[in-house]
Amino acid sequence: MKPPRFRPPIQPFIEAETAYEAADYIILGAPIDETASYRRGARFAPQAIRRESIHLETYSPRTGLFLEDLKVADVGDVEMETQSLVENLSLIEEAIRRIKEDGKTPIMLGGEHTVTLAALRALKPQVVVSLDAHLDLRDTLLGLRLSHGTFMRRAIEELEHRLLVLGCRAISREELQYAEERSERVRWIGASKGLEEVLRTLREWMEEASRVYVTIDMDVLDPSEAPAVGNPAPEGWSTSTLLDLLAEILDHRVVGVDVVEVAPHYDSGGTSLLAAYIVLELLCLLERGRQAY
């Protein structure tokens with residue numbers, strides 16, 4: 001397969017203009033929505049998130065940092081050269097592997113949630129923390145064994161990482177049984193649980209890990225805050241709760257982060273703007289966590 005190429009962004013993410021060689025954090029887009037089961041359009045999210053980011057201020061009240069003080073590069077979207085999901089995931093995987101080999105941390109903008117599988121293959125974390133309304137542990141979805149609703153099961157089968165899903169509330173019987181049978185490897189906590197319980201479980205699962213990957217499906221948030229997502233589910237978290245949890249998670253052990261499943265055409269830009277704000281905050285939280293190490 002040809003080495004991955006990047007399509008330069010029309011509008012880079014705000015203040016992400018450090019040269020690649022000097023950057024610590026690399027923003028890249030993964031514009032795929034080939035297996036969408038409800039709302040399509042996530043392939044347009046990377047550019048929509050970048051476009052909305054220019055309306056943000058760069059100060060992070062949670063950390064006291066300004067985004068421009070971080071070394072962030074936006075390399076654009078991985079260029080998809082085929083109609084094959086498998087081949088396109090391989091291109092994303094290779095792009096992230098090169099970022100890793102260059103000693104930098106990838107921050108991926110999806111795309112449907114299937115793109116996370118490419119990152120996990122490249123980075124091979126010990127623990128995956130998924131902030132998601134869904135478990136994504138089905139064996140098949142609409143006849144597909146590889147899709148946005150099955151990719152995490154494929155990842156566990158292939159990579160044998162531990163999985164902690166936080167904020168979920170849309171769960172099939174099949175997924176619940178799968179998780180219960182693998183309770184040493186898979187744990188989930190619903191969005192209705194209190195923050196203290198979530199934090200206690202999170203600390204337990206991260207305690208001995210040295211390589212953690214964090215994936216943020218925007219449907220973890222309540223549809224009243226983030227309506228333009230691929231598969232919205234009622235009774236989700238608030239943005240403040242999500243960021244409070246990210247402040248606990250993001251430290252020197254995190255090898256990569258993604259934000260996925262924005263379907264930007266289903267509102268007037270608010271969900272894309274919110275995703276951009278979350279990216280800004282997670283970058284600053286990650287930098288603070290690393291500075292404290």
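Hydrogens, waters and symmetry mates play no part in the numbers below; they use all other heavy atoms, side chains included. Numbers here simply count residues along the sequence, with the first being 1.
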Colleague: Taking side chain to side chain contact (heavy atoms under 4.5 Å, CB included) as the definition, give me every residue that meets it alongside Tyr293, ordered by chain and number, with sequence neighbours left out.
Modeller: His252
Colleague: Check this for me: does any side-chain nitrogen of one of Arg50 and Asp77 sit under 4.0 Å from a carboxylate oxygen of the other?
Modeller: yes
Colleague: Is any side-chain heavy atom of Val259 closer than 4.5 Å to one of Ile107?
Modeller: no
Colleague: With a cutoff of under 4.5 Å between side-chain heavy atoms, which Ile, Leu, Val, Met, Phe, Trp and Tyr residues group with Tyr59?
Modeller: Phe66
Colleague: Side-chain donor-acceptor contacts of residues 16-24 below 3.5 Å, not counting sequence neighbours, with atom names and distances?
Modeller:
from, atom 1, to, atom 2, distance (Å)
Thr18, OG1, Val72, N, 3.3
Thr18, OG1, Val72, O, 3.3
Tyr20, OH, Asp102, OD2, 2.7

Colleague: Any non-hydrogen side-chain atom of Tyr178 less than 4.5 Å from a side-chain atom of Leu135?
Modeller: no
Colleague: Mind checking whether His148 and Ser37 have side chains closer than 4.5 Å, heavy atoms only?
Modeller: yes
Colleague: Where is the tightest heavy-atom contact between Glu112 and Ala36, given as atom of each residue plus distance?
Modeller: OE1-N, 3.7 Å
Colleague: With sequence neighbours left out, write down each residue that passes ring pair (Phe, Tyr, Trp, His ring centres under 6.0 Å) with His113, or none if nothing qualifies.
Modeller: Phe151
Colleague: How far apart are the closest heavy atoms of Ser147 and Thr150, and which atoms are they?
Modeller: N-OG1, 2.8 Å
Colleague: State whether Arg162 and Glu208 are salt-bridged, where the test is any N-O pair (Lys NZ or Arg NE/NH1/NH2 against Asp/Glu carboxylate O) under 4.0 Å.
Modeller: no
Colleague: Quick one: are Phe44 and Asp33 in side-chain contact, heavy atoms under 4.5 Å?
Modeller: no
Colleague: My understanding is that only residues two or more places apart in sequence, or in another chain, count here; which of them pass ring pair (Phe, Tyr, Trp, His ring centres under 6.0 Å) with Tyr266?
Modeller: none
Colleague: May I ask you to decide whether Asp244 forms a salt bridge with Arg62, counting only side-chain N to carboxylate O separations under 4.0 Å?
Modeller: yes
Colleague: Is there side-chain contact between Glu34 and Ser84, with at least one heavy-atom pair below 4.5 Å?
Modeller: no
Colleague: Is the CZ atom of Arg7 crowded by more than 12 outside heavy atoms at less than 6.0 Å?
Modeller: no
Colleague: Do Thr239 and Glu225 have side-chain atoms, one donor and one acceptor, less than 3.5 Å apart?
Modeller: yes
Colleague: What residues form a side-chain hydrogen bond (donor to acceptor under 3.5 Å, both in side chains) with Glu287, not counting sequence neighbours?
Modeller: Tyr25, Gln291
Colleague: Could you check Glu175, Glu174, Glu158 and say which one makes a side chain to side chain donor-acceptor pair (under 3.5 Å) with Arg153?
Modeller: Glu174
Colleague: Do NZ/NE/NH1/NH2 and the carboxylate oxygens of Glu157 and Arg154 come within less than 4.0 Å?
Modeller: yes
